[in-house]
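For reference, the structure discussed in these notes is given below.
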Amino acid sequence: MGNSLLLTFNTGSSTIKFGVFTIEHEKPRRIGKGLIDFRQHPPSFHLQEGSEIFDADLKAELSEDLHEVVDEILGWISRHFDLSDVKAVGHRIVHGGDLFVDPTLIDDDVIDRIENLVPLAPLHQPQSLRLIRAIRNLRPNVIQTASFDTAFHATNSDLVRRFALPRELHDHGVKRYGFHGLSYSFIAGELRRIAPTIADKKVIIAHLGSGCSLCGMSEGVSRDTSMGFSTLDGVPMATRPGALDVGVLLHLFGEHHQSFEDVEDLLYHRSGLMGVSGISGDTRELLASHAPQAREALDLFTFRIAGEAARIANTLGGVDALVFTAGIGEHQPPVRAAICAHLNWLGVELDQNHNVEGGQEISTPSSRVKVLVVPTDEEQVIANEALALTTSKRD
C-alpha cells in the first residue's frame with residue numbers, strides 16, 4: 001500500500017530523535033526509532049527496529065544547511081524502511097509563540113513565521129528550521145507538518161501568562177508560554193484511556209527528564225505550567241537552573257563583567273544538577289554517588305519540584321492526582337519518593353513497595369491524592385497530528 005509510513009523528527013539543540021510509523025487502521029503505529037547525536041565527533045546514528053539495533057558514525061560534513069547530513073541520515077533509514085512509502089514528515093517545533101496554537105502543514109509562510117520566533121528559542125528553533133529546509137530540498141514532494149511544544153498551554157489564562165513587567169512588553173510577546181506540551185498532550189490522552197475517573201479532575205503532571213517541568217490540568221487542559229518565557233524557567237534541571245532571581249544576572253553582567261555568551265552558557269549548560277553537584281547532571285550518577293554535593297543537588301531538585309507542585313495546586317484550587325513521566329519520572333523511585341515526602345501535607349501518601357516495584361498507581365489506598373507513573377511518547381503525538389493533517393488535506 002502506498003504512502004503507508006510517517007517519519008517524525010524531535011529536534012533538540014544538539015540531538016535529533018526520530019520515529020518511523022506505519023499506518024494501520026487509520027492510526028500510526030511505531031515500528032522504528034532512533035537518535036542522531038551531534039555532541040559526538042563524528043556524529044552518531046542510532047536506529048532500533050524491534051529488537052534489532054543498528055549504530056553508525058555519520059561521514060557527511062556538517063554544513064549550515066545540513067543537506068549532506070540529512071541525505072546520509074535518510075539513506076541510513078532507507079536501508080531499513082522503504083522511504084518511497086512516506087506519507088508525511090512531522091516535526092516537533094519548540095516554540096509556536098501566539099502564532100501557532102494547533103499543528104499545521106508546513107509551507108513557505110509557516111516557515112517564515114517559525115523563523116520569526118527564533119529569538120524566543122535561539123538554541124532549538126534554528127535547528128528545526130535547518131532540518132525542515134534540508135528535507136524540502138532533498139524530498140520536495142513530501143508533505144511536512146509542525147507540532148508545537150507551546151500549543152498545549154495556550155489555554156492558560158492571561159493572568160497566569162503575564163509577568164509583572166510593563167504592558168507593552170507583554171503585548172510584544174514577553175510572557176509565559178510553557179513547554180513540553182507534546183508530552184502533556186500525550187499524558188492527557190492516556191489518562192482518558194487508562195484512568196477516566198481522574199482525567200478531567202485536577203491533575204499535576206511532572207515531566208522529569210534532562211529538561212523538567214510541571215503542568216497543572218483540569219478538564220484535560222493546561223491551566224498552569226512551571227516553564228515560562230524560556231526553557232530555563234521553573235524547576236532545576238540537568239544543566240539548567242530553573243527559576244532564578246534576575247538580580248543574579250545583573251550581578252554577573254555588572255560586578256563579574258561576564259559576557260552574554262558566558263552567561264548563556266552558564267544558564268543552559270553549567271547549572272542545575274551539574275552546577276550544584278560539580279559531578280554530573282544525570283540523576284542516576286548522583287544517586288549512586290556518596291559525595292555530599294550529589295545529595296545536596298538531589299535534595300534541591302526534589303524540594304523545588306515539590307514546591308512548584310504546591311504552587312500549581314494553588315492555581316488549580318486543589319489536586320486530585322500527581323502523575324510522574326519522562327526518563328526520571330518513569331524510572332527513578334528514589335526521586336519520586338523524595339518529591340512525594342515533601343507533599344505529604346497536601347495529602348500525598350506513597351506506597352513504598354509499589355513505588356519501587358513499579359506499576360501504574362503507586363499511592364496508598366488512603367492517599368487523598370492519587371499518584372501515577374505514566375510513560376510519555378512525544379513522537380506518537382507528532383505522528384498522530386501529522387496523519388490528521390494529511391488526511392484532512394486529502395479530504
Side-chain angles (χ1 to χ4, degrees), residues 7-18 36 38 43 60-71 73-74 86 88-154 161 168-182 185 211 227-233 240 260-261 264-265 267-269 378-379 381-383 385-386 389-390 393:
L7 291 182
T8 64
F9 288 101
N10 185 339
T11 306
S13 59
S14 54
T15 63
I16 300 173
K17 290 189 288 185
F18 66 88
I36 301 102
F38 294 103
E61 292 292 326
L62 280 173
S63 59
E64 183 60 31
D65 59 20
L66 280 187
H67 288 179
E68 292 183 8
V69 168
V70 172
D71 191 30
I73 290 168
L74 294 177
V86 171
V89 176
H91 298 267
R92 167 191 173 238
I93 307 296
V94 165
H95 219 304
D98 290 328
L99 298 176
F100 298 102
V101 296
D102 294 299
T104 185
L105 294 166
I106 294 175
D107 57 20
D108 290 338
D109 178 62
V110 167
I111 288 175
D112 289 342
R113 287 191 287 160
I114 292 173
E115 187 154 35
N116 288 338
L117 296 168
V118 165
L120 299 183
L123 295 185
H124 294 81
Q125 210 88 340
Q127 308 304 338
S128 296
L129 285 166
R130 292 166 76 194
L131 182 59
I132 290 168
R133 286 170 170 146
I135 291 174
R136 283 188 114 200
N137 177 266
L138 295 164
R139 308 273 176 135
N141 296 322
V142 171
I143 296 171
Q144 296 192 74
T145 65
S147 296
F148 297 91
D149 230 5
T150 49
F152 188 72
H153 304 295
R161 300 186 73 187
E168 59 267 23
L169 289 175
H170 179 88
D171 295 341
H172 283 87
V174 181
K175 62 183 73 172
R176 301 179 74 249
Y177 292 98
F179 299 90
H180 292 137
L182 300 181
S185 176
M227 280 183 172
F229 178 75
S230 76
T231 58
L232 293 168
D233 198 12
R240 287 171 269 172
F260 174 86
E261 290 75 18
E264 183 179 55
D265 181 64
L267 296 176
Y268 278 103
H269 305 297
E378 295 169 312
E379 284 76 27
V381 175
I382 299 169
E385 293 182 345
L389 285 166
T390 53
K393 183 178 189 294

Please check: side-chain N/O of [X] versus main-chain N/O of [Y], any donor-acceptor pairing under 3.5 Å?
X    : Y    : value
T390 : A386 : yes
H153 : F179 : yes
H95  : G97  : yes
N10  : K17  : no
Q144 : I132 : yes
H269 : D265 : no
R240 : T231 : yes

>> Test of understanding: with salt bridge (Lys or Arg N to Asp or Glu O under 4.0 Å), list the residues that count as partners of D98, not counting sequence neighbours.
In response: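 D98: salt bridge (Lys or Arg N to Asp or Glu O under 4.0 Å) contacts with R161, K175.
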Would a 4.5 Å heavy-atom cut-off, applied to side chains only, mark [X] and [Y] as touching?
X    : Y    : result
L120 : Q125 : no
L105 : I143 : yes
I111 : I106 : yes
D149 : H124 : no
R139 : L74  : yes

> Going through the distances and angles, do T11 and F18 end up as a side chain to side chain contact (heavy atoms under 4.5 Å, CB included)?
Replying inline: CA-CA 8 Å; T11 306; F18 66 88; over 6 Å; no
> Going through the checks in order, is the side-chain hydrogen bond (donor to acceptor under 3.5 Å, both in side chains) test met by E385 and S147?
Replying inline: CA-CA 7 Å; E385 293 182 345; S147 296; 2.6 Å; yes
[atom1] of [X] to [atom2] of [Y]: how many Å apart, nearest 0.5 Å?
X    : Y    : atom1 : atom2 : value
E264 : L232 : CD    : CG    : 8.5 Å
T15  : I36  : OG1   : CD1   : 9.0 Å
D112 : L117 : CG    : CG    : 11.5 Å
L99  : N116 : CG    : CG    : 7.5 Å
Q127 : F38  : CD    : CZ    : 8.0 Å

Heavy-atom pair with the smallest gap, counting every atom of [X] and [Y]:
X    : Y    : result
D233 : M227 : O-CG, 3.6 Å
V94  : A121 : CG1-CB, 4.2 Å
A134 : V70  : CB-CG2, 3.7 Å
H67  : L138 : O-CD1, 3.6 Å

>> Could you walk me through whether R92 and L182 satisfy the side chain to side chain contact (heavy atoms under 4.5 Å, CB included) test, starting with their C-alpha distance in whole Å, then the side-chain angles of each, then the deciding distance to 0.1 Å, before giving a yes or no?
In response: CA-CA 8 Å; R92 167 191 173 238; L182 300 181; 3.6 Å; yes
>> Applying side chain to side chain contact (heavy atoms under 4.5 Å, CB included) to I93 and F100, what does each step give before you reach the verdict?
In response: CA-CA 10 Å; I93 307 296; F100 298 102; over 6 Å; no
>> Please evaluate residues T150 and V101 with respect to the criterion side chain to side chain contact (heavy atoms under 4.5 Å, CB included), reporting the C-alpha separation (whole Å), side-chain torsions for both, the decisive distance (0.1 Å), and the verdict.
In response: CA-CA 8 Å; T150 49; V101 296; over 6 Å; no
>> Assess whether a salt bridge exists between D108 and R136, defined as any Lys/Arg side-chain N lying under 4.0 Å from an Asp/Glu carboxylate O.
In response: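 A salt bridge links D108 with R136.
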> Does E115 pair with R133 as a salt bridge, N-O distance under 4.0 Å?
Replying inline: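 Yes.
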> Which residues satisfy the ring-ring contact (aromatic ring centres under 6.0 Å, His included) test with Y268, sequence neighbours excluded?
Replying inline: none
